[in-house]
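For reference, the structure is listed below as structure tokens.
Quick note: numbers below take in every heavy atom, side chains included, and nothing from hydrogens, waters or symmetry partners. All values reported here derive from a predicted model rather than from experimental measurement. Every chain is numbered from 1, with letters handed out A, B, ... down the list of sequences.
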Protein chains: 2
Amino acid sequence: MENRTVILNCALELFAARGYDAVGVQEIAEAAGVTKPTLYHYFGSKLGLLHTLVETYHEPFLQRVELAAHYDGDLPRTLVETGAVFFHFARENPVYYRLQLALNFSPRGSEPWQVIAVWNERQRAQFETLFREAVRDHGNMHGRYVYYAAAFAGLINTCIGLWLNGSVELDEELLRSAMRQFQYGIYS
Amino acid sequence: MENRTVILNCALELFAARGYDAVGVQEIAEAAGVTKPTLYHYFGSKLGLLHTLVETYHEPFLQRVELAAHYDGDLPRTLVETGAVFFHFARENPVYYRLQLALNFSPRGSEPWQVIAVWNERQRAQFETLFREAVRDHGNMHGRYVYYAAAFAGLINTCIGLWLNGSVELDEELLRSAMRQFQYGIYS
DNA sequence: AACTCACTATACCGTCCGGTATAGTATCTG
DNA sequence: CAGATACTATACCGGACGGTATAGTGAGTT
């Protein structure tokens with residue numbers, strides 16, 4: 001495995017476990033078995049390393065979300081499929097998902113936050129589009145698509161957060177029951 | 001106002017805006033118009049300052065939650081009252097609520113995380129007690145009180161997070177609709 | 001007046017941080 | 001063999017960090 005990949009993997013583990021700020025460039029380099037200039041050769045800066053890391057994971061992820069979240073008239077099915085994409089991605093990349101969650105709650109405007117913000121914005125737009133289109137078919141949802149999009153994302157992240165802490169199993173059953181709970185609330 | 005209080009207020013603002021790690025002791029002291037030794041006289045360490053800060057806000061808050069979350073047979077009313085305590089506290093102390101949320105997503109095991117963890121554990125226990133007792137009256141909830149407690153907390157924090165970002169109004173209407181959505185999911 | 005005690009200012013400590021200047025090596029191309 | 005390119009090692013920079021040793025200062029007590 002090339003040094004570049006080794007550095008990315010080590011940085012992911014360290015950032016997720018102890019936070020972007022708390023991990024030094026020196027430490028990442030040592031864990032990867034290289035020296036600092038090598039790291040700076042590949043990524044330019046500590047922030048550039050984080051940027052590459054996030055892009056590597058988030059770009060293909062959001063592409064899959066894009067497909068699943070496309071509304072075609074069957075909202076329940078769309079929600080389940082979208083939730084399934086999130087659950088699947090979290091199960092495949094638990095360490096990255098933890099990092100991504102932490103990044104979302106770093107101080108607004110800080111450098112790590114800006115790195116994740118652009119991807120977050122894209123995901124938010126996907127969800128809002130989904131619920132805005134679904135409004136046409138469900139009159140009682142009018143004007144609340146912003147709230148529904150955020151609540152839907154919040155519910156998914158609550159489930160994944162619970163799983164990351166070992167409190168629940170992230171399986172088909174949880175997916176179905178969580179999506180059902182969400183929809184019962186919507187249609188009322 | 002005494003220096004001690006001024007330091008606490010300044011630390012709250014700075015920690016909430018830029019994060020515990022990113023704010024230096026020097027900066028807090030300057031903002032409060034005192035010098036570092038004064039700060040260390042009152043709080044012993046940077047972490048001690050955070051500890052005092054969290055305790056000052058969280059202790060009375062959780063006392064009020066304790067009262068509201070006491071189950072007396074009327075789950076819908078209890079949930080609304082509990083949610084109302086959270087909404088009210090967040091509206092009264094938005095800056096602290098933002099800090100507290102961020103602290104929850106700092107790296108597990110890190111010093112800032114440990115400070116908030118003990119209060120979080122207490123709140124989790126309160127919610128789990130509530131739902132465990134409610135299970136007796138609602139057979140279809142058996143064995144899921146851990147999930148319900150976490151999902152309830154997640155929903156509340158999703159609402160408050162939306163309000164902190166200016167996306168929604170944190171009013172009675174949102175409270176009612178969010179609690180209704182949660183319960184429709186439970187009773188199904 | 002003498003003493004205590006709570007508090008504050010000056011100046012400093014060692015350590016670690018992100019980042020870089022410089023020099024070198026291995027590999028591929030001609 | 002000569003040269004270029006891509007990568008890596010040694011050693012260092014200025015600065016900011018959390019924390020402290022020392023020396024006061026002012027108010028209350030006896």
Side-chain angles (χ1 to χ4, degrees), chain A residues 1-56 99 102-103 106-107 109-117, chain B residues 1-56 99 102-103 106-107 109-117:
Chain A
M1 198 157 51
E2 304 93 6
N3 279 338
R4 202 188 109 101
T5 312
V6 176
I7 294 171
L8 276 175
N9 289 347
C10 289
L12 171 58
E13 293 287 341
L14 288 169
F15 285 161
R18 310 222 318 278
Y20 174 80
D21 283 321
V23 176
V25 175
Q26 179 81 40
E27 191 177 358
I28 300 169
E30 280 174 8
V34 301
T35 56
K36 278 206 291 180
T38 302
L39 189 150
Y40 277 89
H41 169 73
Y42 285 116
F43 304 104
S45 69
K46 186 185 179 184
L47 202 64
L49 170 56
L50 179 66
H51 188 83
T52 303
L53 198 53
V54 169
E55 190 175 29
T56 303
L99 170 63
L103 252 30
S106 46
S110 71
E111 290 178 333
W113 181 84
Q114 289 180 29
V115 170
I116 200 70
Chain B
M1 196 159 50
E2 305 94 6
N3 279 337
R4 203 187 109 101
T5 312
V6 177
I7 294 172
L8 276 176
N9 290 346
C10 290
L12 172 59
E13 292 287 342
L14 288 169
F15 285 161
R18 308 222 318 279
Y20 174 80
D21 284 320
V23 176
V25 175
Q26 179 81 42
E27 190 177 359
I28 300 170
E30 280 174 8
V34 301
T35 56
K36 278 206 289 180
T38 301
L39 188 150
Y40 278 88
H41 169 75
Y42 284 118
F43 304 104
S45 68
K46 185 185 180 185
L47 202 64
L49 170 56
L50 180 65
H51 188 84
T52 304
L53 197 52
V54 169
E55 189 175 29
T56 303
L99 170 62
L103 252 30
S106 46
S110 71
E111 290 177 333
W113 182 85
Q114 288 179 30
V115 170
I116 200 71

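You won't find any donor-acceptor pair under 3.5 Å spanning the side chain of A/Lys46 and the base of C/dG19, going by distance alone.
If you take CD of A/Gln26 and C1' of D/dA11, they are 12 Å apart, rounded to a whole angstrom. Rounded to whole Å, atom C1' of C/dG19 lies 13 Å from atom CG of A/Leu47. Per the geometry, OH belonging to B/Tyr40 stands 18 Å off P belonging to C/dT10, to the nearest Å. Residue A/Ile28 contributes atom CD1, which lies 17 Å from atom P of C/dC16 at whole-angstrom precision. Atom NE2 in B/His41 sits roughly 16 Å away from atom C1' in D/dA23 (whole-Å rounding). As a whole-Å value, the separation of A/Tyr42 OH from C/dG18 P is 20 Å. In this structure, CD of B/Glu27 is placed 7 Å from P of D/dC17, rounded to the nearest angstrom. Taking atom CG of residue B/Leu49 and atom C1' of nucleotide D/dG19, one finds them 14 Å apart after rounding to whole Å.
A salt bridge links B/Arg18 with B/Glu27: the closest approach of a Lys/Arg side-chain nitrogen to an acidic carboxylate oxygen falls below 4.0 angstrom.
Nearest to the side-chain atoms of B/Pro37 among the listed nucleotides C/dA9, D/dA9, C/dA6 stands C/dA9. Taking every side-chain heavy atom of B/Lys36 into account, D/dG18 is the closest of D/dG18, D/dA9, C/dT10.
A residue-by-residue look at A/Gly44 and A/Ala22 shows that A/Ala22 has its nearest nucleotide of DNA chain C further toward the 5' end.
Side-chain contact between B/Leu8 and B/Phe43 is present, with at least one heavy-atom pair separated by less than 4.5 Å. Looking only at side-chain heavy atoms (C-beta outward), A/Ile28 and A/Phe15 come within less than 4.5 Å of each other.
In this model, the phosphate group of C/dA9 is approached by a side-chain N or O of B/Thr35 to a distance below 4.0 Å at OP1 or OP2.
For A/Tyr20 (side chain) and A/Leu47 (main-chain N/O), a donor-acceptor pair under 3.5 Å exists by modelled atom type.
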